[in-house]
Amino acid sequence: MRSVSAVILALAVVALSSADSDTQRPRHDSNLEIYKRLFETKRKDQLNALKNLVELNDINQQYKIIDIMLKGLFKVLEDSRQILVAANMQPDDPFPLDDKIKEAYSHVVENTAFFGDVALRFPRIVHHYYDRNADWGGLLRWGLNFCNQTGVFTGGAHQHVLTLMSQELGITEKSPDFINPYRTERDDVLHTAEAFQKILREEEKRRRKEEKRKEIRKGPRISRSRSEL
């Protein structure tokens, strides 16, 4: 079993990095198709990293890792949105050639897809964060709208991930036949309201103890008396 730190590092790399693309392309129309092939490779890396998180088989550790990961993911998503808005980059524009805009474009597409993977595999944990953060909700809606107009997801399995994630999180109405294909009987047992609330209480207790230990390690500050000066 991989260590928690190794899993966090792997997830951070795949979630926050972007697929590099060649800037020496002969025609604008070919750029998106080249990026889509790179995107497929990126998605494989993301899913492999996420598999390691699933295989931790420890919901407490998964909770901690997802906490760290989602904060970083949405920070990158927000920064990328600002770059794209400032550049007046529309999702259905030709694929950008400017390195800064291209990186922001990639971050939005890849992180939105990766968030969908996480939301479907860990719905209870993701709901705990997402439902309480209006800023994340607005940002994700923007990201989904952007992704759906880029052409990167059109007609592929990744579009299905976005559709399922939107229904899981209540962004769009659930279809009558909605099923989360990644949910198992074991998930249903582990993620009952009572069990999950117990985990949240334990995690909050652990955080308070950790904060208290940090304060104790710091200790009181010793000031010099006037007689010593």
Side-chain angles (χ1 to χ4, degrees), residues 1-17 19 39-77 107-133 136-137 139-141 143-144 147-148 152-153 156-172 174-175 177-200 202-203:
M1 180 182 295
R2 300 183 65 182
S3 68
V4 173
S5 60
V7 172
I8 292 176
L9 178 60
L11 288 165
V13 169
V14 298
L16 308 183
S17 64
F39 177 69
E40 289 295 329
T41 300
K42 176 70 176 183
R43 292 291 290 141
K44 290 178 183 177
D45 292 341
Q46 290 179 331
L47 292 173
N48 284 335
L50 192 56
K51 181 181 178 183
N52 293 325
L53 180 58
V54 173
E55 290 177 350
L56 274 178
N57 201 28
D58 183 332
I59 194 170
N60 287 284
Q61 296 294 353
Q62 290 167 341
Y63 181 98
K64 297 170 191 175
I65 292 171
I66 292 172
D67 179 14
I68 296 169
M69 181 178 61
L70 293 187
K71 289 173 182 176
L73 186 151
F74 276 98
K75 176 64 168 61
V76 169
L77 201 56
H107 278 154
V108 171
V109 169
E110 293 159 15
N111 280 283
T112 302
F114 188 55
F115 178 76
D117 297 326
V118 178
L120 292 173
R121 287 164 176 79
F122 302 98
R124 179 73 71 172
I125 298 176
V126 170
H127 271 293
H128 175 70
Y129 290 107
Y130 178 81
D131 294 350
R132 292 163 173 76
N133 196 317
W136 284 11
L139 187 55
L140 182 62
R141 283 175 168 80
L144 281 167
C147 289
N148 286 330
V152 174
F153 294 83
H158 310 305
Q159 180 67 62
H160 191 52
V161 170
L162 298 187
T163 300
L164 289 176
M165 179 256 284
S166 297
Q167 294 183 52
E168 172 64 47
L169 297 179
I171 296 173
T172 58
K174 288 183 178 178
S175 62
D177 59 348
F178 170 78
I179 295 175
N180 182 341
Y182 303 102
R183 184 183 292 277
T184 65
E185 291 183 6
R186 181 178 177 278
D187 291 330
D188 292 334
V189 172
L190 286 175
H191 295 166
T192 60
E194 182 179 353
F196 190 71
Q197 289 303 317
K198 180 181 179 181
I199 289 166
L200 295 184
E202 291 174 351
E203 177 62 15

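One is the number of the first residue; the rest follow in order along the sequence.
- Annotation: side-chain hydrogen bond (donor to acceptor under 3.5 Å, both in side chains) contacts of S175 (sequence neighbours excluded): Q167, D177.
- Here the side chain of H127 pairs a donor or acceptor atom with the backbone of E168 at under 3.5 angstrom.
- Judged purely by atom type and a 3.5 angstrom limit, N148 uses its side chain to pair as donor or acceptor with the backbone of L144.
- Legend: residues meeting side-chain hydrogen bond (donor to acceptor under 3.5 Å, both in side chains) with K75, ordered by chain and number and at least two apart, are D79.
- R121 CZ to K51 NZ: the interatomic distance, rounded to the nearest 0.5 Å, is 11.0 Å.
- Take H160 and apply the side-chain hydrogen bond (donor to acceptor under 3.5 Å, both in side chains) test, not counting sequence neighbours, and it matches no residue.
- Using a 4.5 Å heavy-atom threshold, the side chains of I65 and L56 count as touching.
- At least one donor-acceptor pair under 3.5 Å links the side chain of N48 to the backbone N or O of K44.
- Put simply, the side chain of V161 reaches to within 4.5 Å of the side chain of D117, judged on heavy atoms.
- A donor-acceptor pair under 3.5 Å is absent between the side-chain atoms of E110 and the main chain of Q46, judged by distance alone.
- Using a 4.5 Å heavy-atom cutoff, the side chains of L164 and F178 are in contact.
- Using the six-membered ring where Trp is involved, Y129 and W136 have ring planes that are tilted, between 30° and 60° apart.
- Under the 4.5 Å side-chain criterion, counting only non-hydrogen atoms from C-beta, Y130 is in contact with L140.
- The shortest distance between side-chain heavy atoms of T163 and F153 does not fall below 4.5 Å.
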